[in-house]
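Proteins come first, then strands; the chains are lettered A, B, ... in the order of their sequence lines, and each starts at number 1. Source: prediction; values computed, not measured.
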Amino acid sequence: DGLQSTLGEFFPTE
Amino acid sequence: MLEGKFDEASLLKKVIDAMKDSVKLCNFNCTENGISVQAIDDSRVLLISLLIEAGSFEDYRCDRNIVLGLEMESLNKIIKNGNASDMLTLVAEDSPDALNLIFEDKRRDRIAEYSLKLMDIDQDFLKIEDMKFDAVVNMPSAEFAKICRDMKTLSESLQIIITKDSVKFNSEGDFGSGSVVIKSFTDLEKTEESVRITLEKPINLTFGAKYLNDIIKSTPLASQVTIKLCDKQPALFEYQLPSGYLRFYLAPKFED
């Protein structure tokens, strides 16, 4: 029921 | 040196209880303004951002910036030993190898002191710019918690659909489906019971029910939760502290 995205896809790593 | 005294241990007890099942290791960054944490769960789907401002403490001083690497389960074990109504003081030296926690009973002369070994935690830091949101919902935190618990009995995913004046929580499972609709509502006498929806664009997003059920462990912290959503972006769930916040950024699910 849907693919779980991760936060790394939205926010760059410092 | 860090010395932060909470009038009641209950605040930190609730904060640690809300975080400990999502993240195992956290760097607590102590500055003159307060204590902040950014921590990401192992699956990198849920990010916790905590800010306990100096104003949340009865007394607070931090002469130099200090990083306290803490193992949350160990911290929780110690925190649970103190009573919620105890005064709690956190003490750490400038280059500490331990965090001291002192619980003082207000009615009796009982002082309990614990020392927690610190860890060297190498964590990467996600840069979260000021996000723009299409919809903001303020609602009673207990109601949001019940919806997340109820919907999880049906499915591992929870869909949040926001239109002009209502929020629909929808769950489609193998054996059935369910939904709860919440409408804007103002309770003038009990403002904490109110529901406020601010909408710029309609929202239709799906999240993992497991993560939402971790987020709602923050319910004892605040009577209201603020949910901020934007199409195809992580959602922000925020619980206000007396001075500061506990925020969760949750990555959405997408269609296969």
Side-chain angles (χ1 to χ4, degrees), chain A, chain B residues 22-23 27 29 38-49 122-133 151-152 154-160 170-174 177 204-212 229-236 247-256:
Chain A
D1 55 345
L3 283 177
Q4 177 64 63
S5 61
T6 62
L7 291 165
E9 295 168 40
F10 305 96
F11 304 127
T13 305
E14 270 191 354
Chain B
S22 301
V23 288
N27 280 325
N29 301 294
Q38 189 198 87
I40 309 166
D41 86 307
D42 285 345
S43 61
R44 305 189 69 78
V45 171
L46 183 67
L47 181 145
I48 295 177
S49 176
D122 186 21
Q123 276 179 332
D124 55 359
F125 194 85
L126 292 187
K127 192 173 178 184
I128 300 171
E129 303 284 352
D130 278 344
M131 295 171 68
K132 285 194 172 179
F133 295 100
M151 294 292 109
K152 190 173 183 293
L154 292 158
S155 168
E156 283 306 309
S157 294
L158 178 63
Q159 192 182 12
I160 302 179
N170 194 45
S171 189
E172 306 275 343
D174 293 336
S177 62
N204 185 343
L205 285 166
T206 302
F207 299 98
K210 163 189 176 316
Y211 299 102
L212 291 166
L229 300 154
C230 185
D231 190 32
K232 296 185 173 67
Q233 293 287 323
L236 170 56
R247 289 177 180 161
F248 297 85
Y249 293 86
L250 177 59
K253 281 184 158 185
F254 294 115
E255 294 296 320
D256 289 341

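Heavy atoms only, all atoms of each residue included: A:Leu7 and B:Leu250 are closest at CD2-C, 4.3 Å. In plain terms, the two heavy atoms of B:Leu126 and A:Phe11 that are nearest each other are CD2-O, 3.8 Å.
Looking at heavy atoms from C-beta onward, A:Phe10 lies out of side-chain contact with B:Met131 at the 4.5 angstrom threshold. Looking at B:Phe125 and A:Pro12, their side chains never come closer than 4.5 Å, going by heavy atoms from C-beta outward.
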Distance-only check: which donor-acceptor pairs of chain A and chain B lie under 3.5 Å?
| residue | atom | partner | partner atom | Å |
| --- | --- | --- | --- | --- |
| A:Asp1 | O | B:Ser157 | OG | 3.2 |
| A:Asp1 | OD2 | B:Ser157 | OG | 2.7 |
| A:Leu3 | N | B:Phe254 | O | 2.5 |
| A:Leu3 | O | B:Phe254 | N | 2.7 |
| A:Gln4 | NE2 | B:Ala251 | O | 2.9 |
| A:Gln4 | NE2 | B:Pro252 | O | 3.4 |
| A:Ser5 | N | B:Pro252 | O | 3.1 |
| A:Ser5 | OG | B:Pro252 | O | 2.5 |
| A:Leu7 | N | B:Arg44 | O | 2.8 |
| A:Pro12 | O | B:Lys127 | N | 2.8 |
| A:Glu14 | N | B:Phe125 | O | 2.6 |

